[in-house]
Asks: 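Could you have a look at this structure, given as structure tokens, before my questions?
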Amino acid sequence: MSELNIFLGPPGAGKGTQALKIASEFDLAHISTGDMLREHVSSGTELGKIAKSLLDEGNLVPDKLVIEMLLERLNNEDCKNGAILDGFPRTLPQAKSLESLDKEFPVAKVFVFEVNEDELIKRILLRGEMTGRSDDTEESIKVRFEVYKKDTQPLVDFYNEKNLVNVIDAVGEVEDIYNSISRHFK
Ligand code: ADP
């Protein structure tokens, strides 16, 4: 049995930064569906061709494709000890797809990152400047926030009903936020 830990939160909340640190400290796989999709785009796969414009606009890639990609990734040897899911699930159908894996890959904990919108916009625009990420633009940010509120935020209730949610105040020093998450893994 390999436990899954879900990092949930709006774009720019710092899920990726914390997921990397937690995964390396506790020897868990770090699965970022955003990173995986960007790799598909840059290597020009069929999935990458479909995903490119959706990513740039700030829209989601269709559930079926992302679920397939994720399920395949979970078969990897490095998931044996459990994994951090960073950016998945992002919709109710995606969350339900995990329910069917409950025997092999139960969801252990869900961390909901909370950051106010002004801070998020600041962080994303800064990241865009530093990395040149093509979806870190003002136009795409607006869409991503709307998509988050409509499609992803309902997952907080979904996992609250299962008593799996830990709310993380994700404003402040990276190290302090890390400590507030890592204590749940000890
Ligand atoms: P952020 O959290 O800052 O939006 P991510 O790297 O997690 O950045 O995601 C970037 C983009 O990748 C999303 O806007 C979306 O287009 C796509 N994506 C990532 N994960 C998923 C998913 N689970 N379902 C659908 N699309 C996804």
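Just so you know, these numbers use all the heavy atoms, side chains as well, and skip hydrogens, waters and symmetry mates. Residue indices begin at 1 and follow the sequence shown. As the structure lists them, so they are numbered: ligands from 1, and atoms in each ligand from 1.
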Asks: According to side-chain hydrogen bond (donor to acceptor under 3.5 Å, both in side chains), does anything in residues 133-147 pair up with another residue at least two apart or in another chain? List the pairs.
Replies: D56-S134, R127-D136, R133-D135, D136-R144

Asks: Sort and list the pairs that fulfil ring-ring contact (aromatic ring centres under 6.0 Å, His included) and have at least one residue in residues 140-180, not counting sequence neighbours.
Replies: none

Asks: Between the protein and ligand 1, are there any N or O atom pairs that come within less than 3.5 Å of each other, and if so, what are their names and distances?
Replies:
residue  : atom   : partner : partner atom : Å
ligand 1 : 2 (O)  : K15     : NZ           : 3.3
ligand 1 : 2 (O)  : R90     : NH2          : 3.3
ligand 1 : 3 (O)  : R127    : NH2          : 3.0
ligand 1 : 3 (O)  : R144    : NH2          : 2.9
ligand 1 : 4 (O)  : R90     : NH2          : 3.1
ligand 1 : 4 (O)  : R144    : NE           : 3.4
ligand 1 : 4 (O)  : R144    : NH2          : 3.3
ligand 1 : 6 (O)  : R38     : NH1          : 2.9
ligand 1 : 6 (O)  : R38     : NH2          : 2.9
ligand 1 : 7 (O)  : R90     : NH1          : 3.3
ligand 1 : 7 (O)  : R90     : NH2          : 3.3
ligand 1 : 8 (O)  : R133    : NH2          : 3.0
ligand 1 : 9 (O)  : R90     : NH2          : 3.4
ligand 1 : 16 (O) : N59     : O            : 2.5
ligand 1 : 20 (N) : T33     : OG1          : 2.8
ligand 1 : 20 (N) : G87     : O            : 3.4
ligand 1 : 20 (N) : R90     : NH1          : 3.1
ligand 1 : 23 (N) : G87     : O            : 2.9
ligand 1 : 23 (N) : Q94     : OE1          : 2.9
ligand 1 : 24 (N) : Q94     : NE2          : 2.9
ligand 1 : 26 (N) : V61     : N            : 3.1

Asks: Considering all heavy atoms of both residues, which atom of A23 and which atom of I84 are nearest to each other, and what is their separation?
Replies: CB-CG1, 4.2 Å

Asks: Between R73 and E68, is the closest basic N to carboxylate O distance under 4.0 Å?
Replies: no

Asks: Write out all pairs satisfying side-chain hydrogen bond (donor to acceptor under 3.5 Å, both in side chains) with one or both partners inside residues 114-123, taking only residues at least two apart or from two chains.
Replies: E117-K149, E119-R123

Asks: Assess the side chains of D151 and T91: does a donor N or O sit below 3.5 Å from an acceptor N or O?
Replies: no

